[in-house]
Every structure is written in C-alpha cells, then in structure tokens.
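Letters go in sequence order (proteins before strands), and every chain restarts at 1. Values reported hereafter were calculated over all heavy atoms of this structure, with side chains retained and with hydrogens, waters and symmetry mates removed. For clarity, every value in this text was computed on a predicted model and none was experimentally measured.
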2 protein chains.
Amino acid sequence: MPAAILVVEDEPAIQELLALNLEHAGHSVLRARDAEQAAKLVRHALPDLILLDWMLPGQSGAAFARDLRRDERTKQVPIIMLTARGQEQDKVAGLDAGADDYVTKPFSPRELLARIKAVLRRRAPQRTEEPAEVGGLRLDPATHRVTADSRNLELGPTEFRLLHFLMTHPERVHSRAQLLDRVWGDHVFLEERTVDVHIRRLRKALEPTGHNRLIETVRGSGYRLAAMPTSEV
Amino acid sequence: MPAAILVVEDEPAIQELLALNLEHAGHSVLRARDAEQAAKLVRHALPDLILLDWMLPGQSGAAFARDLRRDERTKQVPIIMLTARGQEQDKVAGLDAGADDYVTKPFSPRELLARIKAVLRRRAPQRTEEPAEVGGLRLDPATHRVTADSRNLELGPTEFRLLHFLMTHPERVHSRAQLLDRVWGDHVFLEERTVDVHIRRLRKALEPTGHNRLIETVRGSGYRLAAMPTSEV
DNA sequence: TGATCGCGTGACAATTTGGTTACGGAATCG
DNA sequence: CGATTCCGTAACCAAATTGTCACGCGATCA
C-alpha cells in the first residue's frame, strides 16, 4: 500500500537515504528540513505518515510532535520517530509525545519499512464509524451494509461512499464540485457530470425499495438528501 | 490489563529486575532460564506474551522464536525480544524470526511496559477459547474441529484460523490488510492476494456442506462472514 | 417562440477487482 | 529420507465498476 510520507530530517544525506528507500518501496515522499517547513507542508496536504527526526535545528522533533497531536486535523496522523542509537530517554519521551513508534539510527531499511507498514495498518481500522440512519434507510460502515426496511441493497463502492456522505450531511444542498471533493477526494480531476451519473445509479438502486425521491435535485445548485421527501402535487 | 508474561532470561539479576517491574505493573510472571525450560512452560500453559532474551545458553532466542512461530498453538503469542544495545542485525533477524517488537538492554522500565501494553492491545480481542457458532457452522478451538450439520470439515491450519477469526467477528467487513494482521500476525509481509486464495480454499471446503455463500465478498473493501447469507435479489 | 441551459438516461470502452488454477518450495508425516 | 500436505505467488480470465458521451426533454429566458 503506497502512502504519502513526510520525512523531516535536517541531515541531507540521511534524508536522501530515507527518501530513496521509501520511494523504492512505492511510497511518495515529501521532505522537510525542520519543523517549520514540515508544519507548512502538513498544513497544505496531510501525509499518511510522518517520519520525524528527534534532533532538529530550531524546534525539536518532540515539540513538533506535540503540536501535531494538539491540532485536531493532524491528531490522527501516525508518527515514527528517528532517534540516535541508545538514547533511551528519548524513546520514552518520544512515545510520550505521541509517537507511534521509533527507529534508531543507523536504521535498517527493512526494519524501517516493516515498522511503517505495521503503523499504517494499525491506524487504518481505527475509524470506528457509527451507522447512519435517515428516512427508512440505514447504512453501516462497519458491515458495509445498506438496508431499506430490512431489504438489503447492493451498491458499488462509489455509490456507497456517495450515499454515506449524503446521509451524514442530509437536508443540505451539495454542489457537484463539493461532492467530487468530499466523496472522490480533492485530488481528482473529473467531469462534474460524473456526479449526475452516480446520482442516477444511486436512485436506481433505491428505486425498488420505494425510497426514491430521497435524493432531490436542486436545479442550478446540486443535490440534496431529503430526510422527509417533498410530497408531490 | 494484567497479563501472564513468560520471561526467558538466563542472567538471574536481569530476570529478577524484569520480573519485579512486570509484577509491579500488575502482570503475573513465569520465568525460564533457557529455551528448553521455556518450551516446557509454554506447553503447559500459554502465556499472553513472551519476553525473550536474544542471547541464551543452548538454543538461541531466535531459534526458539522460530519454533514458537511454527507451532500451531503458540503461533499467535506475541514475542518481545531483548537485545544488547546496538546489535542492529540482531534486531532485523529478530523481526524476521517473528518477534513483534524488541527492547534493547539496558532497558527503561517505562519503555518496556509501554511496548508490552502496545503489543497486548494489538492482540487483545482474539483470545477466546470458546466454541464459535454462526449459521449452521460450529468451530471448536479446543478440539480444533469444524462441523457443519454434523458433517466434519477438513481445514488446513491457516484456513482454520481464518475461519475462526471470521466467525468471532461476523457481519463485519475486514480488509485484506486487516486479515493479514489478525490472522497471520502483523510481523509477516505477504501479498494481499494471498488472502483471496485462502478465502477461496475456505469456500471450497465449505461448499459440500451447503454453507457456501457464508463468506461474502465486498468489492473494493474486503470480506465478510454473513450470519444470514444475503437472499438473492 | 426560438435559443439555451440543466439534467436524466442509456450505452460504451477502459480500467479495476476478484476468482481460479497452476506451480515451486517449505514443512510435515510416515 | 520419500510422500504428502500446506502455503504463498504469479498468471490468466471473468465480472463489476467507472468515467464519458451523446441524445432528448423540459425549463428558462431574451
């Protein structure tokens, strides 16, 4: 599983070594030389994982880690600390500061990659999301099931995500651009009409349950999931 | 979370130090001076975790770890290795041999306890020895038997554990990565497709009993064991 | 009223994803 | 040790999914 990894390391040679190893394993790498640079990058785009040198010029790695943990948006990003060999207190302090793991320098590429993989996996299932319920519909992320009056619906992955988003933000008009951002991810470049097609597919899937009319079109603006469908006439 | 921890360490002073720390943290401690003693203890009663010195008289810690990983019953018991400071290859070899983590001597009690806690937390919910029953299926960990309507199923070790995990976590979608973690152990590095093949083998084994369709594919997400198979559309 | 615009709809080709089989190697069993 | 089972991976195939388009219809507006 390729991931976006931010490497925060002031020593150019080590940074390069890290980047090479990570890229060779298929990850994409962002680099920063100090906490300040790193903070800027993080603000711009959340990485999947941060490799953080303990000894940094300026703000220390530990302080930076603490900052990250304090910020609501970066709270969840796993951190692996790089410490000098045998700095025992550092390790403890690092774990205290919120690091998920640490690797000692000089590091073995294999171990580094192993730990990265382990941390990423451990993080993955942590989002325990609650089932959503709107109208007669029920969607459970954990079981990945959608039921309408005890009837089971079959949805493709995208339709599932789309419906999930709508159900967690009901009664509100979402533009096509917003939906592309929130459901597909803000890095994709797709035609806005694509949304129409998926809305159509969703409606079609809902149809046999009688819960169509749930997704309403707001002409000129976008779509909305109505908790209580507008009665006709 | 008090746990039963087996400490394998030949140096009496260190063993004592470890035991004191662990007991002070509420764990119960079993002690062994070498691999042979340890093997005997493990056979008698499975510990929740093994603290294993790398340098042991007689059989080395690495060899012992490998043995543990080979044995079906001890395969899942997490191992934390104790290595001398700075023995970098040892660490890698230890992880290869199946260790879940390592701690370098001299160790900080705080770090040790933190790592133990982390490893235990990762492993926690999979410790049931109760027979599981889902659909018409029954799986008994004690007798290592799987029966479907009084028909007996022949499963390989991996398929058995896979089915066991699914049956103890039914209705929930598990990604391939999650399954690798929970069924194989998070120290292994396998292709995700491997899961597919084992799922296939499981389904095949289930087939003659009529209890196929029990394991459902959730496209784009993973697999799920359905308590009540989805009625056809 | 004619021109546009917005959206529903069905079709399509390309891409993903999962199912299935085959195979070599390791481990296990007689 | 031979035979056999078990396992992980690669390769190939079938099916599902996806993003786009073209077409048509009703609404909107000048």
Side-chain angles (χ1 to χ4, degrees), chain A residues 1-2 144 146 153-164 173-177 179-181 183-185 187-207 212-224 232, chain B residues 63 65-75 96-98 144 146 153-163 173-181 183-185 187-207 212-225 230 232-233:
Chain A
M1 297 291 104
H144 209 275
V146 184
L153 294 196
E154 299 291 334
L155 298 181
T158 305
E159 286 133 43
F160 185 87
R161 284 202 313 274
L162 177 56
L163 180 59
H164 188 196
V173 181
H174 308 281
S175 73
R176 291 168 177 71
L179 288 174
L180 280 178
D181 274 3
V183 177
W184 275 259
H187 53 283
V188 296
F189 176 66
L190 298 178
E191 297 295 324
E192 295 204 338
R193 295 296 258 108
T194 297
V195 176
D196 296 351
V197 177
H198 279 274
I199 288 283
R200 146 79 173 160
R201 287 170 180 157
L202 241 187
R203 280 171 171 160
K204 200 169 197 172
L206 265 323
E207 196 172 319
N212 41 355
R213 303 211 169 264
L214 209 59
I215 301 174
E216 301 181 339
T217 303
V218 181
R219 198 182 170 85
S221 298
Y223 296 98
R224 164 181 61 202
E232 193 98 356
Chain B
R66 242 180 277 273
D67 285 353
L68 288 171
R69 287 300 183 223
R70 244 193 297 267
D71 187 329
E72 198 50 39
R73 298 184 315 145
T74 59
K75 206 172 202 171
D96 273 355
H144 208 272
V146 184
L153 293 195
E154 297 294 330
L155 298 182
T158 305
E159 284 124 47
F160 183 86
R161 271 185 292 117
L162 177 56
L163 181 59
V173 178
H174 308 281
S175 71
R176 292 168 177 75
Q178 286 170 339
L179 288 174
L180 281 177
D181 273 3
V183 177
W184 276 259
H187 50 272
V188 298
F189 306 97
L190 300 179
E191 297 296 322
E192 297 204 334
R193 294 299 254 103
T194 297
V195 176
D196 295 334
V197 177
H198 280 274
I199 288 283
R200 144 80 173 159
R201 287 169 180 156
L202 243 186
R203 280 171 171 162
K204 198 169 197 173
L206 269 293
E207 197 172 317
N212 39 357
R213 301 206 172 265
L214 208 60
I215 300 175
E216 301 181 339
T217 303
V218 180
R219 209 154 228 272
S221 296
Y223 295 98
R224 164 182 61 201
L225 188 140
T230 60
E232 13 59 61
V233 183

A correct 5'-to-3' footprint of nucleotides 17-30 of chain D, with B, S and - meaning base, sugar-phosphate only and no protein heavy atom under 4.0 Å, is SBBBB----B----

Pairing string of DNA chain C (Watson-Crick or G-U wobble, both atom distances under 3.5 Å; | = paired to other strand) is ||||||||||||||||||||||||||||||

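When the C1' atom of C/dG6 is taken as reference, atom CD of A/Glu216 falls 17 Å away, rounded to whole Å. Atom CZ of B/Arg176 is separated from atom C1' of D/dT9 by 15 Å (rounded to the nearest Å). Taking atom CG of residue B/Asp71 and atom P of nucleotide D/dC6, one finds them 16 Å apart after rounding to whole Å. In this structure, CZ of B/Arg213 is placed 13 Å from P of C/dG19, rounded to the nearest angstrom. Atom CD of B/Glu154 and atom P of D/dT4 are 17 Å apart (whole Å). In this structure, B/Leu202 places its CG atom 13 Å from P of D/dG8, rounding to the nearest Å. As a whole-Å value, the separation of B/Ile199 CD1 from C/dT17 P is 18 Å. Remark: P of C/dG19 and CD1 of B/Ile215 are 10 Å apart, rounded to the nearest angstrom.
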Please evaluate residues A/Phe189 and A/Leu180 with respect to the criterion side-chain contact (heavy atoms from CB on, under 4.5 Å), reporting the C-alpha separation (whole Å), side-chain torsions for both, the decisive distance (0.1 Å), and the verdict. CA-CA 9 Å; A/Phe189 176 66; A/Leu180 280 178; over 6 Å; no

Can you check side-chain contact (heavy atoms from CB on, under 4.5 Å) on B/Arg66 and B/Arg69, steps first, answer last?
CA-CA 5 Å; B/Arg66 242 180 277 273; B/Arg69 287 300 183 223; 5.7 Å; no

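Salt bridge present: B/Glu216 and B/Arg224 bring a charged side-chain N and a carboxylate O closer than 4.0 Å.
Between the B/Arg176 side chain and the B/Val195 main chain, no donor and acceptor come within less than 3.5 Å of each other.
Screening A/Asp196, A/Val197, A/Leu190 for a side-chain contact (heavy atoms from CB on, under 4.5 Å) with A/Arg193, the sole residue that qualifies is A/Asp196.
In terms of heavy atoms, B/Gly222 sits closest to B/Val173 at N-CG1, 4.1 Å. Heavy-atom minimum distance, A/Pro157 versus B/Gly220: CG-CA, 4.5 Å.
Ring orientation note: the planes of A/His144 and A/Phe160 are close to parallel, at an angle under 30° on the 30°/60° scale.
Nearest-nucleotide positions on DNA chain C for B/Lys204 and B/Gly222 put B/Gly222 closer to the 5' end.
Every residue two or more places apart in sequence or in another chain was checked for a salt bridge (charged side-chain N to carboxylate O under 4.0 Å, His left out) with A/Arg203, and none qualifies.
Within the nucleic acid shown, A/Tyr223 comes within 4.0 Å of sugar-phosphate atoms alone, with no base atom in reach, counting heavy atoms only.
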